[in-house]
Amino acid sequence: MNYWLLKSEPDVFSIDDLKKQKTTLWDGVRNYQARNFLMAMQVGDLAFFYHSSTEPPGIVGLCRVLETHIADPSQFDPQSPYFDPKSSEDKPRWWTVRVGFVEKYKQMITLEVLRAKFSPDELVLLRRGNRLSVMPIASGVADRIIALKASR
DNA sequence: GCCAACGTTGGC
DNA sequence: GCCAACGTTGGC
């Protein structure tokens, strides 16, 4: 089983929204590197839910990959901000997954705490200029994040 | 295929 | 709101 981190702006979609909805299609990712990670996900993988562009940013919970290799429907929808005219139904370029709510942490693990506990080598999130919205987390690092969460 | 211009992300 | 970092676009 693999671990991942999914970024979302809470104003757009928050861990509370996921908790309410139970599951969501992780649509709208329009970056090839992030898409490649989405395509590498397997059913049962766990993903940390990260709130970005908020004060403070940080990991707010956990979700699980329920379904993989779904062609992102928003790429075909001219009304969608994620519409991609270069994509077609028979040859989609954007793929995603469905995730389900697992847990909302009682206390956020802030970016500041993550910076204090991990190196940029360990956590892609911490690398200078990083803008990836989907990234892998090494299992040892994931275990330490979970331990951090449990310790408070 | 280069690269300048532009747009976006996201922490601060 | 600023701006560094990075991805994408499009002219040549």
Side-chain angles (χ1 to χ4, degrees), chain A residues 2-21 23-41 45-65 68-99 101-138 141-142 144-149 151-152:
Chain A
N2 300 303
Y3 283 93
W4 308 91
L5 184 144
L6 293 170
K7 277 188 196 170
S8 183
E9 298 186 20
D11 291 347
V12 179
F13 190 81
S14 71
I15 188 78
D16 291 319
D17 293 325
L18 181 59
K19 186 176 184 179
K20 215 175 302 168
Q21 290 180 212
T23 82
T24 193
L25 194 61
W26 205 263
D27 62 353
V29 173
R30 294 293 179 271
N31 169 283
Y32 285 103
Q33 206 182 342
R35 181 208 61 182
N36 293 342
F37 288 136
L38 285 168
M39 291 187 76
M41 289 184 182
D45 284 358
L46 291 172
F48 296 103
F49 197 116
Y50 179 90
H51 280 178
S52 65
S53 292
T54 189
E55 186 50 49
I59 292 172
V60 290
L62 194 64
C63 53
R64 184 186 306 278
V65 176
T68 59
H69 305 109
I70 305 169
D72 181 342
S74 64
Q75 68 193 306
F76 309 125
D77 176 8
Q79 306 306 321
S80 167
Y82 305 120
F83 177 62
D84 184 348
K86 290 174 189 159
S87 190
S88 63
E89 302 254 6
D90 52 314
K91 237 192 158 200
R93 32 162 86 178
W94 304 110
W95 296 84
T96 190
V97 299
R98 177 167 292 280
V99 298
F101 176 81
V102 173
E103 181 183 10
K104 177 186 175 177
Y105 293 162
K106 288 197 181 66
Q107 198 182 350
M108 169 193 265
I109 305 173
T110 62
L111 179 59
E112 189 186 8
V113 167
L114 292 170
R115 279 195 204 286
K117 304 285 183 184
F118 298 94
S119 72
D121 284 343
E122 292 173 315
L123 255 189
V124 178
L125 179 75
L126 305 180
R127 281 180 211 163
R128 183 186 173 81
N130 161 70
R131 286 174 10 187
L132 262 187
S133 63
V134 180
M135 66 196 84
I137 305 280
V141 172
R144 286 163 59 201
I145 293 173
I146 290 165
L148 267 182
K149 166 251 161 184
S151 73
R152 50 201 181 140

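Computed from heavy atoms alone, side chains included, the values below leave out hydrogens, waters and symmetry copies. The chains referred to below are lettered A, B, ... by the order of the sequence lines, with proteins before strands, and numbering in each begins at 1.
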Grab the [atom1]-[atom2] distance between [X] and [N] for me, whole Å please.
X: L125(A); N: dT9(B); atom1: CG; atom2: C1'; value: 13 Å
X: M108(A); N: dG11(B); atom1: CE; atom2: C1'; value: 13 Å
X: L132(A); N: dG10(B); atom1: CG; atom2: P; value: 9 Å
X: L5(A); N: dG10(B); atom1: CG; atom2: C1'; value: 14 Å
X: E55(A); N: dC2(C); atom1: CD; atom2: P; value: 18 Å
X: I59(A); N: dG11(B); atom1: CD1; atom2: P; value: 12 Å
X: Q33(A); N: dT8(C); atom1: CD; atom2: C1'; value: 15 Å
X: N31(A); N: dT9(B); atom1: CG; atom2: P; value: 10 Å

Establish, with yes or no, whether the OP1 or OP2 oxygen of [N] is under 4.0 angstrom from a side-chain nitrogen or oxygen of [X].
X: K7(A); N: dG10(B); result: yes
X: R35(A); N: dG7(C); result: no
X: Y50(A); N: dG11(B); result: yes

* Side chain of R131(A) only, please: which of dC6(C), dC12(B), dT9(C) is the nearest? => dC6(C)
* Asked: Has Q21(A) got more than 12 heavy atoms of other residues, nucleotides or ligands less than 6.0 Å from its CD?
  -> yes
* Asked: What orientation do F48(A) and Y3(A) show, parallel under 30°, tilted 30 to 60°, or perpendicular over 60°?
  -> parallel
* Nearest-0.5 Å distance, OG of residue S88(A) to CZ of residue R93(A) -> 9.5 Å
* From E103(A) CD over to L46(A) CG, what is the distance, rounded to the nearest 0.5 angstrom? -> 10.0 Å
* Base, sugar-phosphate, or nothing for R127(A), non-hydrogen atoms under 4.0 angstrom? -> nothing
